[in-house]
Amino acid sequence: MAGRLTSLLGFGRDEPIGPLDYGRRWWMRLIVGLTFVFLYAPIVVLIAYSFNDSRRNIVWVRFTTDWYVKAIHDQSLLVAFGNSLTIAIINTLLSTVLGTLTALLLWRFRFPLRPVYEGAIALPIVIPEICMGVAMMAFFAWIGWPNDLPWPISLSNIVIAHVAFSFPFVAVIIRARLAGFNRELEDAAKDLGATEWRTLLDIIVPYLKPALVAGALISFTLSLDDFVITFFTAGPDTITLPVKIFSMVRFSVTPEVNAASTVLVVITVVTTVLALRLQNAGQKAGSSG
Amino acid sequence: MENWRKHPLVFWAFSLPPSFWLVFFFLVPLTLVWGYSFSEKRGIIGTELTFTLDNYLRALEPIYLEILWKSLGMAAAATAICLVVGYPVAFAIAFASERLKPWLLLLVILPFWINILIRTYALIAVFRTRGYANFAYEDLWNAANWVLNTVGLGQLQLIGERFEPMALLYNNAAVVAGIVYAFFPFMVLPLYANIEKLDRSFMEASLDLGAGHWRTFFSVVFPLTWHGALSGIVIVFIPALGAFFIPELLGGTDSQMIGNVIERQFKSANDWPFGAALSFLLMYATFFALALRALVAGRKGGGALDA
Amino acid sequence: MSDAIISIQGVTKRFGEVTAVERVDLDIRAGEFFALLGPSGCGKTTLLRMLAGFEQPSEGRILIGGQDMTGVQPNHRPVNMVFQSYAVFPHMTVFDNVAYGLKVAHTPRGEIAPRVKEALAMVQLSGYEARKPDQLSGGQRQRVALARALVKRPKVLLLDEPLSALDAKLREAMQIELVRLQQTVGITFVIVTHDQDEALSMADRIAVMESGHVRQVASPQTLYEFPSGRFVADFIGKMNLFEGKVVAREAAGLSVEVEGLGRLELPADERAPAPGRAVGIAVRPEKVELTRSAPPEGSVARRGTVTQVAYYGDVSYVFLDLEDGPALNANVINDERAAEPHFVKGETLWAAWNPRDFLVLGE
């Protein structure tokens, strides 16, 4: 086991280092190692102390899951989590459909102002989040969005904002997959007598499946994770988990926050790794087929 | 690709729903804020479009100008740190063994998917006065002190009489560190993609002709990968400039960035026209950076969004 | 030994589980045009890259100009390389590319321009100084790579498949030009190639490599006429190979029983295997004489039927089935103008050999 570890890290190999073996030079490893420590140590500490039996996040006392139990019994945290999930699920459905339509549109058709359209679709991805946040806030105030809608209708302005920034991401993922599509398959289906719709349903959608799932999962995490845009669109009764965490963090650093954060981190990381795996598997299958 | 006129029904079915969303829930809100930036405040919440430039001119008042400069400075510092650290990390990944490479890439990408807000919060626990960075520093200090005492230099108090924790939080340096922490992966990925694409024989040719590794980097590698660096710079600098909860959580009273001022104008000060103008200053900077990158990418003959 | 500019001593190179080069010993003489020839994956490029310093041997050592190169970085070696992809820096002009190695070595400013000019003249690229690589053809880019390496006045010039990216016509012209250039500058050239015609026509000596081993080092003619084993015999040129068994090995001659050819009496060969052992008997297609009438006394002759004639202009390949089974390939030189082929499919001919032209190949 130790031997495997050292060989994985590249130590203990007797092969001499070549001039371009930058990955095997000690100073490169030092920089990379320190970078990863900088990137991961805070998160590891955060997660570790969500299991620490001490109110002050300083010294390790003993393992406990009390903070999770406390977090579950915290009504406002629970409501925020429920809101986040509800928003994320509706957002996923809408942005997957819209993103797929966008990708198919840009893949399929030549039309006037196409370059402008492509640029506009990329905008939500590139502009600073805060600009989009205040724009959404101003927009809903301007159209007089009511504050007293019943749940879950009350979440719909957040959903609208989330869909606006996540469907372009879905479109990017689907377009990447479409780029590898063999147009002859479509021609073959039509040659065999399939209509436009049948071709879409029988040939293209099955081909897109891995990208569809990956896109859906990515839009789910984008929505679940979003803080800035939600911060500007959420009302007092439509707090989401990141917004709740922000207001808690602002006042104090407590293990409950760590516990709530850990839950969010685990959900998004697991979803994303799943999405990446599906996308990779799809690409492999696509390239061999 | 085919002309939309050939299948107008399919075309409209595909284009209407996303176009509707894009126009009404994105472009209209942006245009609205753009309009506000040329408006005047009327009463408590009212505004009137008067095509005034006062809101932009107000941004040039010393108090805001200082914040603008500071924001630019901190975003630039963070971007520079990302670039300087990003190159060796991207190098190490590009030149890692095939077995190790996907894992290193995953390690760089993974923080993308951990909520930035939570990561910023995690930094607090590490950097505060009673945090782990200071604990490590204290251990180092104690060790050094013990060494000095042992060798008989204890009286000179070369490293101070007593351990003093460093003030690592609530200052500009903490904000820069926070921005680096948040956006570092954005820098590594385009750099990695460009170094990976770079034909190794260019580097070998340079070494073969007698150049050392540094000379090879500056004469060959950097000139051939700098459009990747430019992509990285743009996609780190833009969100860094617009950061608002990072300075809010990690900064001190004098670490405000434009984002904080924008937030205040919309959330508490209720001066939407001014906030809108500041927000659009950010947008103009964004467009400028993107145009610059597209120009360079166009000249290089590559796609603008290939990062 | 003293005139060896490169001495490769017991060199092995492993990449993880794979051994690319295994216990190679090789001396390359000063001023010679030396070729490393072999099929892809035989280790020839790895060996060349070890000479340049891009790979370090796992075992053994390499001496260049008498100095041990172990641990010496590529930028401190007295050799320069022409890369397969040429690796002409795309962001520099032709002048800057050629001047790069001189600038790096802190050559006095006044010396750089004349030396670059001289090097470009040598490769016939005078006047191209200000061009960028993307304004050059493939052949011109290769000349830039040559000038860039030669301007450093290396002890050895290494060329990694230098002609593989050129089209056939240009390749032939460059073969002649490389030989001329090597004779002009007098620098040792070591070229890696998988193309036997290239190696045979250009090199003074050739090392044939197979799966990490050097199988034979010899002049082109020796390799062709006296290959040391089955691999070299089969790899270089075309060959008719028959399986046989040694019947008698005496001072007067060698007696072999060959499948399909019967008993052959060959000149004495002390390297031949002992009686009773299996042996390969080979003969080049151009050493076979085809006649319609019975061949003269003293030659080995068999009858066969023409199955196919492939016409190449200067030569025709005639494929026969011998009466006792084995297929045979013979070259006929078309040295007389004729509208009709000399031999036609279906006709029966005599195939004759001089017994001296048979090669005896051990296991």
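Each chain gets a letter, A, B and so on, in the order its sequence line appears, and its residues count up from 1. As the structure is a prediction and not an experimental result, all values here were calculated from the model.
- Going from atom OG1 of A:T262 over to atom CD1 of B:I118 covers 7.5 Å, rounded to the nearest 0.5 Å.
- Ranked by heavy-atom pairs shorter than 4.5 Å toward chain A, the options B:A92, B:S279, B:A289 are led by B:S279.
- At a 4.5 Å heavy-atom cutoff, B:L16 makes no contact with chain A through either its backbone or its side chain.
- The salt bridge (Lys or Arg N to Asp or Glu O under 4.0 Å) test applied to A:R114 returns A:E118, not counting sequence neighbours.
- Ranked by non-hydrogen atom pairs under 4.5 Å with chain A, the options B:Q265, B:M203, B:R200, B:H7 are led by B:H7.
- Of the possible polar contacts, none joining the B:W4 side chain to the A:R108 backbone as a donor-acceptor pair under 3.5 Å is found.
- With a 4.5 Å cut-off on non-hydrogen atoms, B:V126 touches chain A through its side chain but not through its backbone.
- Aromatic ring centres of B:F244 and A:F231 lie closer together than 6.0 Å.
- Residue B:E248 touches chain A through its side chain alone, counting heavy-atom pairs closer than 4.5 Å.
- Taking chain B as the reference chain and counting heavy-atom pairs below 4.5 Å, the highest number among A:V257, A:L34, A:I47, A:D226 is found for A:V257.
- For B:L30, the parts lying under 4.5 angstrom from a heavy atom of chain A are both the backbone and the side chain.
- Of the options A:L30, A:T35, A:I31, A:V32, a side chain to side chain contact (heavy atoms under 4.5 Å, CB included) to B:P88 is made by A:I31 and by none of the others.
- With chain A as partner, the option from B:Y36, B:F20, B:F127, B:Y181 having the largest number of non-hydrogen pairs under 4.5 angstrom is B:Y181.
- At a 4.5 Å heavy-atom cutoff, the contact between B:V108 and chain A is made by backbone and side-chain atoms alike.
- Of the atoms belonging to B:F184, it is side-chain heavy atoms, and not backbone ones, that fall under 4.5 Å from chain A.
- Put simply, of B:V89, B:V33, B:N3, the one with the most heavy-atom pairs under 4.5 Å next to chain A is B:N3.
- Side-chain atoms of A:Y40 and B:P111, non-hydrogen and from C-beta on, do get closer than 4.5 Å to each other.
- In this structure, the portion of B:L117 lying under 4.5 Å from any heavy atom of chain A is its side chain and not its backbone.
- Heavy atoms of B:L110 lying under 4.5 Å from chain A belong to its backbone as well as its side chain.
- No side-chain heavy atom of B:F95 sits less than 4.5 Å from a side-chain heavy atom of A:D21.
- Annotation: side chain of A:L123 is in contact with side chain of B:F287 (closest heavy-atom distance under 4.5 Å).
- In this structure, the side chains of B:W113 and A:D225 stay at 4.5 Å or more apart for every pair of heavy atoms.
- Taking A:Y117 as the reference, B:S19 meet the side-chain hydrogen bond (donor to acceptor under 3.5 Å, both in side chains) condition, with sequence neighbours excluded.
- With a threshold of 4.5 angstrom between heavy atoms, B:T286 approaches chain A through side-chain atoms but not through N, CA, C or O.
- Interface residues of residues 164-172 of chain A toward chain B, defined by a heavy-atom distance below 4.5 Å and sorted by number: A:A164, A:F167.
- Within the 4.5 Å cutoff, the side chain of A:L200 has heavy atoms near those of the B:F14 side chain.
- Ring to ring, A:Y22 and B:H213 are close: their centroids are under 6.0 angstrom apart.
- Taking the six-membered ring wherever Trp is involved, the centroid distance between the rings of A:F232 and B:F266 does not fall below 6.0 Å.
- In this structure, chain A has heavy atoms under 4.5 Å from both the backbone and the side chain of B:L107.
- For chain A, the option among B:F26, B:F24, B:F25 with the highest count of heavy-atom pairs below 4.5 Å is B:F26.
- In this structure, no portion of B:P239 lies under 4.5 Å from any heavy atom of chain A.
- Residues satisfying the salt bridge (Lys or Arg N to Asp or Glu O under 4.0 Å) criterion with A:K244, sequence neighbours excluded, are absent altogether.
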